[in-house]
Number of protein chains: 2
Amino acid sequence: MAQSSPEARYRTQAFAQLAGVTVRTLHHYDRLGLLRAKRSSNGYRLYHAGDLERLERISALKFLGVPLAHIGRILDGRPASLSEELAAQRRALREKRRLLDIALSAIEEAEAGILDGKPTAVLLRRIIQAITMQDNTGWMMQYYSPAAQAKIAERAASFTAEMQAEISQAWRQYFRDLNALEREGDQDGKRAAELAQRHRELIAAFTGDDPEIESGLAALYRDRANWPTEMQEKLAEYENPDVQTT
Amino acid sequence: MAQSSPEARYRTQAFAQLAGVTVRTLHHYDRLGLLRAKRSSNGYRLYHAGDLERLERISALKFLGVPLAHIGRILDGRPASLSEELAAQRRALREKRRLLDIALSAIEEAEAGILDGKPTAVLLRRIIQAITMQDNTGWMMQYYSPAAQAKIAERAASFTAEMQAEISQAWRQYFRDLNALEREGDQDGKRAAELAQRHRELIAAFTGDDPEIESGLAALYRDRANWPTEMQEKLAEYENPDVQTT
DNA sequence: TTGAACCCTGACGTGACGTGAGGGTCAAGA
DNA sequence: TCTTGACCCTCACGTCACGTCAGGGTTCAA
C-alpha cells in the first residue's frame, strides 16, 4: 500500500485518481471556484489532503442531484441551506422515481408483446397506453366496475388519436384557465360560470351519459380523501365552490 | 367540444396545444427531420392528423429515455430496432433507479440527523457514508457477524479520508489492470502473478488480519452464487484461476 | 389602418463536463 | 546533450433537447 504523510501534495492526475474523478472535472471545479487548487511555480495545480475532504463532499452532493452552483453555496455559505437543498432534492427525486417506474413498467408491458411477435405499431400503442394510464388515470380505474372499465376502454379505442388529443387538450386548457382565474381573481363571476360549464361538458364527454361510468366517477369523487398526494394537490382547485358540479 | 374533420390542418401553435408539446419542440423535430411538416404558400408549417400519431409515438419513446436520433431510426427503420432499444433502455433505467434509491435513502438518513440539530459537517459525513455503503458494500454486511461489523466500522472511522481514498483508488486500479490483462492476454504470467500479489495485499489491508473479519469475508465469497446481479458480472473477473487467492 | 396574435429563421444559453488542439515542463535513458 | 514520453496548462467547441430572445413577416378582426 502507498504511504501517505500529512503534508502530501498531489498533482492533478494523481489527485483525480485518488478521488475517483477525471482530470477535466478538477479543471472544471477549479474554474468554477468550487475547489480551488494552489499553484506551483510552473503553474501546475497542487492539491492536498484537505482538498480531498471537500471534493468528497462535492461528489456526494452531486450524486444527490444538487447542481454545482448550489453545492458551492452549501459548502461556503450558511448551514441551513443544506437542509433546504435536501428537502428540495427529496421531492425532485421522488417525482423522478415515479416517472421512472412508469417508464419501466411500460417497457416491460411492451416487451411482453414482443414475445408474441407483435408488430412495431402495436407495441408502440401499448407503450403509449401504459404511460397515459399509469401517469394519470391508472389508480382511478379501481373505482369503476369491470363493466364500466370495459366500456371506458371500448370508447377510448373507438376514438382516433386526434379526438383523444383534443379531449386531453381541452382538459389541459381547462386547468390552465382555472389556475389563471385563481391567480387573477374573478370580478363578476362570469369566467367562473363559463369554466363550470366547460367542466360539465368535459365530464359529460367522458361519461358519454353511461350510468355505469357515471356511478364509478361518483364513487371516485366521494373517495377523494384517499387520492394520491399529487392528485390531492390538484384537487384543491376543485374546492372552489363555483366548480363543484360533480 | 371542438369538432374535427379528417382533413383538419393545424398550424404550429394549435398542433402543439393539441399534442401537449411546445412550439419550439415542433420546430426542433422539424429541423431534425423527425416530424417534417408541410408548408403553406406563406411558409407556415401545416400539420394534419397523421402527424399527431407520429408525434405521440415520438413523445412516448422520449418518455422512455430513448434519444431522438434513435427514435428516428425506430420509426423509419427496421422494426427490430425497437426491441433492441427497449432492452437497452430497461437496463439503463434499472440502473438509474438503483442509484436514485441510494440517493433517496441517503437524503432520508441525513434528514433524520437534521432533527437532532447536527451540524453540516456531520450530515455530510452521513450522506457520504450512506452512499458508499449502499452503493458498494451494504449488501455485503449481512455476511459479517455483529462483532465483525463493529470492527469494520471502527477501523473505517479510524482512517483519514485520504487513507480511505488511497485504498479505494488501489482497488480501482487493481480492477482496471485486471481488465486490461484480460483484454490483452498474458504472455509470461508475470503480470498475473503481480496482480495476484496486489490482490492478497488489498485483502490483508481490509481484514487487518482480524479472524472475525476474515471469516465473514470467507462466508461472503462462499455465497457468491447469491450476490446481486451487478456483482455477479464483476465476479467473472475473479474466475480467472490466477487470481483465486481468497 | 392599426393592433394583436400569430408565423418564420437564426443564434445564443443551459449543465457538467468530454474531447481535442496547440504548446510548455520535467525526469530518465541513449 | 538530446530526445522521448508522460505529465502539465489554457482555450474552445461538442454534447442533448430544447428555452429564450431578436428581428422581421403575415393575417385577421375592430
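Just so you know, these numbers come straight off a predicted model, no measurement behind them. Below, chains carry the letters A, B, ... as their sequence lines are ordered, and counting in each starts from 1.
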Can you list, pair by pair, the side-chain donor-acceptor contacts under 3.5 Å of residues 57-64 of chain A, counting residues two or more places apart and other chains?
unit_1, atom_1, unit_2, atom_2, d
A:R57, NH2, A:E53, OE2, 3.4
A:S59, OG, A:L55, O, 3.1

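- When side chains are defined from C-beta on, A:Y10 does not count as touching A:D51, because their heavy atoms never get closer than 4.5 Å.
- Not one side-chain nitrogen or oxygen of B:T12 sits closer than 4.0 Å to the OP1 or OP2 atom of C:dC6.
- In this model, the phosphate group of D:dT15 is not approached by any side-chain N or O of A:R24 to a distance below 4.0 Å at OP1 or OP2.
- Computed from coordinates, the A:L32 CG to D:dT10 P distance equals 13 Å when rounded to whole Å.
- Annotation: side-chain contact (heavy atoms from CB on, under 4.5 Å) contacts of B:K118 (sequence neighbours excluded): B:D116, B:V122, B:L123, B:R126.
- Protein atom CG of A:L26 is 10 Å distant from nucleotide atom P of C:dC17, rounded to whole Å.
- Note on B:R31: nothing from the nucleic acid sits closer than 4.0 angstrom, heavy atoms only.
- Side-chain contact between A:L86 and B:I127: present, with at least one pair of heavy atoms (C-beta onward) separated by less than 4.5 Å.
- The side chain of B:Q13 has C:dC6 as its nearest neighbour among D:dT10, C:dT9, C:dC6.
- Summarising the geometry, the separation between CG on B:D30 and P on C:dC7 is reported as 13 Å, rounded to the nearest angstrom.
- Rounded to 10 degrees, the angle between the two end axes of the helix from C:dT1-D:dA30 to C:dA30-D:dT1 is 30°, with five pairs used at each end.
- OP1 or OP2 of D:dC9 lies within a sub-4.0 Å distance of a side-chain N or O belonging to A:H27.
- Checked against C:dC7, D:dA17, D:dC7, the side chain of B:Y44 finds its nearest nucleotide in C:dC7.
- Here the side chains of A:R73 and A:E85 are not in contact, with every heavy-atom distance at 4.5 Å or above.
- In this structure, B:Y47 places its OH atom 12 Å from C1' of C:dC8, rounding to the nearest Å.
- With D:dT10, D:dC8, D:dC18 as the choices, the nucleotide that has an atom nearest any side-chain atom of A:R11 turns out to be D:dC8.
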